[in-house]
Q: 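The structure that follows is given in the form of structure tokens.
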Amino acid sequence: MKTFVLNGWSASAAAWDLCTFPRAALFSYTDQLDGLPEQALAREEAVVLVGWSMGGSSALRLLLAHPEKVKGLVLVAATPCMMKAEGWDGLSPRRLEALRVGVQLTHGAGFFGTPAGKPNPYACDTDANLARGLDYLARTDLRADLTAAFGARPYTGPVGIFHSRRDGIVRPGNAVFLKNLFPSAGLTWVEGSEHALPIHIPQALDAAVFDVLGRADNAAL
């Protein structure tokens, strides 16, 4: 079964250099904005999705659109809703703008809790692309759609959720929401990290992807 990886906002492919799990495709955040994962999924019968941060939001959108094709999920600091709302601990517009400025000033180096000595998972992108990604994050809230789709009839595919309680970008409440949405999912709280989980816990993500792939393949037999 194929694995599609959906990358985070402003992230480069190097974010996944330490992971060894097989992937058929890696979609950048601009690929996601341009609808390329949807086009690729239309050509497949079954996939497992691995989504980090904004890529986790994209994975959830694909699940909503094609639940019959998405046979498993690994959600890494994934967000159904990035922004602060009533009863929801998210980012303020000012904090979101600070992310854009911070990435531009530092090219992402040392940003989002990047571990010392690890590859920089972020890339210096154009102002226009960075703004497009942040606009998506600012206006996207999948909570109601996900609850309507899977609240009464839960998703049955295997799901792994990874999050840090110290994540100041995608708040931990996102992981709690996803665990409630997918009651059978495994939720791993990552200690000693913040947001850059693909380079902080590559071995754990490898194990999770192989586990989800194996369970999805067995279910298909």
Side-chain angles (χ1 to χ4, degrees), residues 4-11 15 26-42 47 49-67 69-70 73-103 108 111-112 121-123 125-151 155 159 161-164 167-182 185 194-198:
F4 285 0
V5 178
L6 300 132
N7 219 350
W9 172 76
S10 83
L26 191 158
F27 297 99
S28 70
Y29 78 101
T30 52
D31 290 340
Q32 296 162 46
L33 294 170
D34 293 336
L36 298 190
E38 287 84 351
Q39 295 174 30
L41 186 58
V47 297
L49 302 178
V50 180
W52 171 37
S53 193
M54 176 178 160
S57 176
S58 293
L60 293 167
R61 285 194 299 107
L62 289 173
L63 176 65
L64 283 166
H66 300 285
K69 291 189 174 188
V70 177
L73 296 163
V74 177
L75 300 170
V76 185
T79 175
C81 179
M82 187 98 169
M83 304 305 290
K84 186 182 291 292
E86 184 177 356
W88 183 257
D89 184 18
L91 294 189
S92 66
R94 181 176 180 180
R95 175 62 172 149
L96 196 69
E97 173 62 13
L99 293 183
R100 183 187 65 80
V101 173
V103 166
F111 214 58
F112 298 169
Y122 299 98
D125 207 339
T126 65
D127 291 353
N129 279 340
L130 292 173
R132 286 178 67 206
L134 289 188
D135 177 67
Y136 168 86
L137 290 169
R139 59 184 171 79
T140 299
D141 184 350
L142 303 175
R143 292 175 296 163
D145 288 342
L146 289 166
T147 300
F150 304 112
Y155 175 67
V159 180
I161 302 168
F162 292 82
H163 216 100
S164 169
D167 195 329
I169 308 303
V170 174
R171 305 294 194 189
N174 286 270
V176 174
F177 173 88
L178 293 171
K179 173 60 178 174
N180 290 334
L181 184 71
F182 307 121
E194 294 178 32
H195 192 63
L197 298 187

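In this text, all values refer to a predicted model and were calculated from it rather than measured experimentally.
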Q: When you check the gap from the basic side-chain N to the acidic O, do Asp34 and Arg132 get nearer than 4.0 Å?
A: yes

Q: If every non-hydrogen atom of Asp167 is compared with every non-hydrogen atom of Ala77, which pair is closest and at what distance?
A: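 Result for this residue pair: OD2-CB, 3.7 Å.
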
Q: Hey, are the side chains of Thr147 and Phe177 touching, using non-hydrogen atoms and a 4.5 Å cut-off?
A: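 They are in side-chain contact.
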
Q: Looking at Pro198, is its backbone amide N or carbonyl O close enough to the side chain of Trp52 to form a donor-acceptor pair, meaning the two atoms are under 3.5 Å apart?
A: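 Here the side-chain-to-backbone pair does not exist.
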
Q: State, to 0.1 Å, how close Leu134 and Arg100 come at their nearest heavy-atom pair, and which atoms those are.
A: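 Heavy atoms of Leu134 and Arg100 come nearest at CD1-CB, 3.3 Å.
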
Q: Report the residues that fulfil ring pair (Phe, Tyr, Trp, His ring centres under 6.0 Å) with Phe27, sequence neighbours left out, ordered by chain and then residue number.
A: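 Once residues adjacent in sequence are excluded, the partners of Phe27 under the ring pair (Phe, Tyr, Trp, His ring centres under 6.0 Å) criterion are Phe4.
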
Q: Determine the minimum heavy-atom distance between Ala78 and Gly56, stating which atoms define it.
A: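 Closest approach of Ala78 to Gly56: CB-CA, 3.6 Å.
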
Q: Does a side-chain N-to-carboxylate-O contact under 4.0 Å join Arg94 and Glu97?
A: no

Q: Which distance, rounded to the nearest 0.5 Å, do you find between the OG1 of Thr79 and the CH2 of Trp9?
A: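 Reported value, rounded in 0.5 Å steps: 13.5 Å.
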
Q: List the residues meeting side chain to side chain contact (heavy atoms under 4.5 Å, CB included) with Ala185, not counting sequence neighbours, and say none if there are none.
A: Val159, Ile161, Phe182

Q: Indicate the atoms forming the closest heavy-atom contact of Ser10 with Leu130, along with that distance.
A: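 So the minimum-distance heavy-atom pair works out to CB-CD2, 3.7 Å.
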
Q: Using side chain to side chain contact (heavy atoms under 4.5 Å, CB included) as the criterion, list what pairs up with Arg171, not counting sequence neighbours.
A: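 Testing Arg171 for side chain to side chain contact (heavy atoms under 4.5 Å, CB included), a comparison that skips the adjacent residues, returns Asp89, Leu91, Asn174.
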
Q: Are the side chains of Ile169 and Met82 in contact, using a 4.5 Å heavy-atom criterion?
A: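 The answer is yes, as the side chains (C-beta and beyond) meet within the 4.5 Å cut-off.
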
Q: Considering residues at least two apart in sequence or located in another chain, which fulfil the side chain to side chain donor-acceptor pair (under 3.5 Å) criterion with Ser164?
A: none

Q: Rounded to the nearest 0.5 Å, how far apart are SG of Cys81 and CG of Leu60?
A: 12.0 Å

Q: Can you pull the salt bridge (charged side-chain N to carboxylate O under 4.0 Å, His left out) pairs that have at least one residue in residues 137-148, sequence neighbours excluded?
A: Asp135-Arg139, Asp141-Arg143

Q: State, to 0.1 Å, how close Tyr155 and Pro67 come at their nearest heavy-atom pair, and which atoms those are.
A: CE1-O, 4.4 Å

Q: Taking the side chain as every heavy atom from C-beta outward, state whether Leu62 and Glu38 have any atom pair closer than 4.5 Å.
A: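 Yes, at least one pair of side-chain atoms sits under 4.5 Å.
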
Q: With sequence neighbours left out, what residues match Ser53 under side chain to side chain contact (heavy atoms under 4.5 Å, CB included)?
A: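 Listed in chain order: Val170, His195.
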
Q: Under the side chain to side chain donor-acceptor pair (under 3.5 Å) rule, collect the residues that match up with Tyr136, sequence neighbours excluded.
A: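 Tyr136 satisfies side chain to side chain donor-acceptor pair (under 3.5 Å) with Ser57, Arg61 once adjacent residues are dropped.
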
Q: Check Ala149 against Leu64 and note the closest heavy-atom contact, atom names and distance.
A: CB-CD2, 3.7 Å

Q: In chain order, what residues pass the ring pair (Phe, Tyr, Trp, His ring centres under 6.0 Å) check against Phe162, with sequence neighbours excluded?
A: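 So Phe162 forms no ring pair (Phe, Tyr, Trp, His ring centres under 6.0 Å) with any residue.
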
Q: If the condition is side chain to side chain contact (heavy atoms under 4.5 Å, CB included), which residues does Ala59 pass it with, not counting sequence neighbours?
A: Leu6, Leu49, Leu73, Leu75

Q: Among all residues two or more places apart in sequence or in another chain, which pass the side chain to side chain donor-acceptor pair (under 3.5 Å) test with Thr140?
A: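 Residues passing side chain to side chain donor-acceptor pair (under 3.5 Å) with Thr140: none at all.
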
